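Below is one structure, written out as structure tokens; comments come after it.
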Protein chains: 2
Amino acid sequence: MRKQAICAALEDHELDELQSIMIASSLAPHQTLVEEGEPRRKVFTLTSGMLRLYTMLPDGRRQITAFLLPGDYLGLGDEETYDETAEAVIESKLCGFPVAEMERLMELHPRLHARLYQMTRIALRQARDSQMILGRLAPVEKIASFLLVLSARAVEHGQPGNPVHLAMTRMDIADYLGLTIETVSRSFTKLRVQGLIRLPDAHQVEIVDRRALTAVAGIEPR
Amino acid sequence: MRKQAICAALEDHELDELQSIMIASSLAPHQTLVEEGEPRRKVFTLTSGMLRLYTMLPDGRRQITAFLLPGDYLGLGDEETYDETAEAVIESKLCGFPVAEMERLMELHPRLHARLYQMTRIALRQARDSQMILGRLAPVEKIASFLLVLSARAVEHGQPGNPVHLAMTRMDIADYLGLTIETVSRSFTKLRVQGLIRLPDAHQVEIVDRRALTAVAGIEPR
DNA sequence: CGTGTCTTTGAGGCAACTCAACACTCGTGG
DNA sequence: CCACGAGTGTTGAGTTGCCTCAAAGACACG
């Protein structure tokens with residue numbers, strides 16, 4: 001029962017076999033789970049906490065491509081190696097499954113296969129939304145849409161959607177949205193001064209005027 | 001036999017059933033295949049030509065998220081509607097499959113399922129690469145990496161990798177890379193002046209110094 | 001040989017970045 | 001208990017580079 005609770009986000013109860021190959025683990029804040037280029041031995045699913053996925057350029061520039069929340073997967077690429085580094089933003093727990101076993105189970109259980117397929121499609125959708133945000137939105141618009149997405153995802157996870165909790169740092173937000181930390185900070189300030197949000201502290205954002213915030217974002221989160 | 005040729009890029013010969021539900025069609029340049037928000041009735045695969053996928057903001061800003069080449073898929077999202085508009089860049093041919101039938105076949109044929117899953121993972125990988133390009137590269141770097149990616153994809157399609165043919169307009173490139181057409185043009189000029197490329201005409205790029213171009217791109221295409 | 005579309009080039013402004021200083025929190029240790 | 005330092009976030013000043021606006025060149029098509 002406890003095991004099921006641990007990986008509840010993962011699967012239908014029918015697939016007990018998954019549990020037999022599952023390896024639970026946990027990460028302290030800033031701890032690295034896998035590094036870009038490392039052989040892809042396991043597929044992971046996050047059960048609690050938050051991860052950041054990123055790639056680095058030779059000169060140190062970083063692009064965070066996603067923040068993972070419980071239920072999200074990692075290591076679904078079809079290559080021999082991980083294509084991104086995964087690090088814990090906050091204390092996190094996850095379940096790992098050896099790829100070989102996973103692939104065997106996927107063949108046996110179409111529903112597992114369908115589930116991973118679906119999660120990949122959702123990740124693709126999010127990446128495409130992110131392309132629009134990175135390519136065509138102004139800094140304030142980026143921050144506004146970022147907040148709305150976080151709010152929506154919190155609701156999906158059964159948490160309150162309004163005071164949005166930012167577990168990540170300004171640096172993380174900057175590297176996710178293609179900005180500098182200063183511009184991130186100034187954009188928050190701008191939204192606060194305009195009365196669209198309140199900032200009780202740096203990691204807590206109260207959405208005061210959701211309608212206006214949505215208008216600023218230009219696109220509603222989906 | 002001819003039908004197989006048409007959709008050769010699509011599937012192993014074993015799945016003749018696919019052919020029975022397949023609907024071939026073709027598009028003239030600039031013709032729209034599907035529009036964002038429209039009910040998702042078919043899954044498509046491109047057999048020849050090139051498509052652009054994009055989403056628009058209310059104020060007219062456009063973000064192209066991908067250029068599709070033969071063998072690429074479209075409409076794999078898991079929602080009720082298409083989430084992007086698809087337009088032909090040049091004359092294109094494609095195969096369509098009703099989603100309901102497709103899903104039925106996917107359950108019957110794990111290999112088909114696996115194939116679509118794989119194509120989705122590849123698309124996700126490309127989208128993530130694109131996030132890095134959009135978020136962290138300077139204009140010249142964006143153009144350099146764009147050229148290298150196009151070159152690599154041409155090779156994958158059994159075509160010469162060096163004179164890179166740009167079927168799309170500068171506007172398309174700008175909307176794909178998050179730039180303006182002027183900046184795209186100036187970046188091409190900059191690369192030309194530095195002797196890394198030659199521009200016989202606006203839609204033909206000869207890579208003169210691939211090593212240097214890769215260095216400028218910061219990341220090698222994969 | 002016009003006409004329209006696409007591309008390139010130039011000039012100037014503004015917004016985001018760079019550099020810098022300061023405020024704040026939170027441990028640690030004197 | 002407070003001093004100190006590291007890490008994080010905010011704000012200010014100046015600069016750079018991309019975008020905006022403008023015009024001219026290149027090319028296809030009728």
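Throughout, a chain's letter reflects where its sequence line sits, starting with A, and its residues are numbered from 1. Nothing here was measured: the structure is a model prediction, and the numbers come from that model.
- Computed from C1' positions of five pairs at each end, the angle between the two local axes of the helix from dC1(C)-dG30(D) to dG30(C)-dC1(D) equals 30°, rounded to 10 degrees.
- Note that the first and last nucleotides of DNA chain C, 5' to 3', having any atom under 4.0 angstrom from a heavy atom of chain A are dA16(C) to dC19(C).
- Comparing dT20(D), dT10(D), dC18(D) by their nearest atom to the side chain of Thr183(B) picks out dC18(D).
- Here the P atom of nucleotide dT8(D) and the CG atom of Asp172(A) are 9 Å apart, to the nearest Å.
- If you measure from atom CG of Leu199(A) to atom C1' of dT8(D), you get 15 Å, rounded to the nearest angstrom.
- Between the CE atom of Met168(A) and the P atom of dG9(D) there is a distance of 11 Å, given to the nearest Å.
- Using a cut-off of 4.0 Å between Lys/Arg side-chain N and Asp/Glu carboxylate O, Asp72(A) and Arg153(A) are scored as salt-bridged.
- Taking atom CG of Asp201(B) as the reference point, atom P of dC27(D) lies 8 Å away to the nearest angstrom.
- Summarising the geometry, atom CG belonging to Leu68(B) is positioned 4.5 Å from atom CG belonging to Leu53(B); distances are rounded to the nearest 0.5 Å.
- Arg41(A) has no carboxylate O lying under 4.0 Å from a charged side-chain N of Glu80(A), or vice versa, which leaves the two without a salt bridge.
- Atoms CE (Met171(B)) and P (dT20(D)) sit 11 Å apart, rounded to a whole Å.
- Separating the NE2 atom of His203(B) from the P atom of dA26(D) is a distance of 15 Å, rounded to the nearest angstrom.
- Contact annotation: Arg61(B) does not reach the phosphate of dC19(D) (side-chain N/O to OP1 or OP2, under 4.0 Å).
- The ring pair (Phe, Tyr, Trp, His ring centres under 6.0 Å) search around Phe44(B) returns none, not counting sequence neighbours.
- Closest to the side chain of Glu182(B), from the set dG9(D), dT11(D), dA22(D), is dA22(D).
- Contact annotation: side chain of Arg186(A) to base of dG12(D), donor-acceptor pair present below 3.5 Å.
- In summary, the side chains of Tyr54(B) and Glu87(B) do present a donor paired with an acceptor at a separation below 3.5 Å, with no hydrogens or angles considered.
- Listed for the Ser92(B) side chain is a donor-acceptor partner under 3.5 Å among the backbone atoms of Met50(B).
- Separating the CG atom of Leu179(B) from the C1' atom of dG17(D) is a distance of 12 Å, rounded to the nearest angstrom.
- A donor-acceptor contact shorter than 3.5 Å is absent between the side chain of His165(A) and the backbone of Gln204(A).
- Rounding to whole angstrom units, CG of residue Leu177(B) and C1' of dC18(D) are separated by 14 Å.
- Looking at heavy-atom distances under 4.0 Å, Ile181(A) makes no contact with the nucleic acid at all.
- In this structure, the nucleotide among dG9(D), dT11(D), dT20(D) sitting nearest to the side chain of Thr169(A) is dG9(D).
- A tilted orientation is assigned to the rings of Tyr176(B) and Phe67(B), their planes being inclined by 30° to 60°.
- Judged purely by atom type and a 3.5 angstrom limit, Gln63(B) uses its side chain to pair as donor or acceptor with the backbone of Asp175(B).
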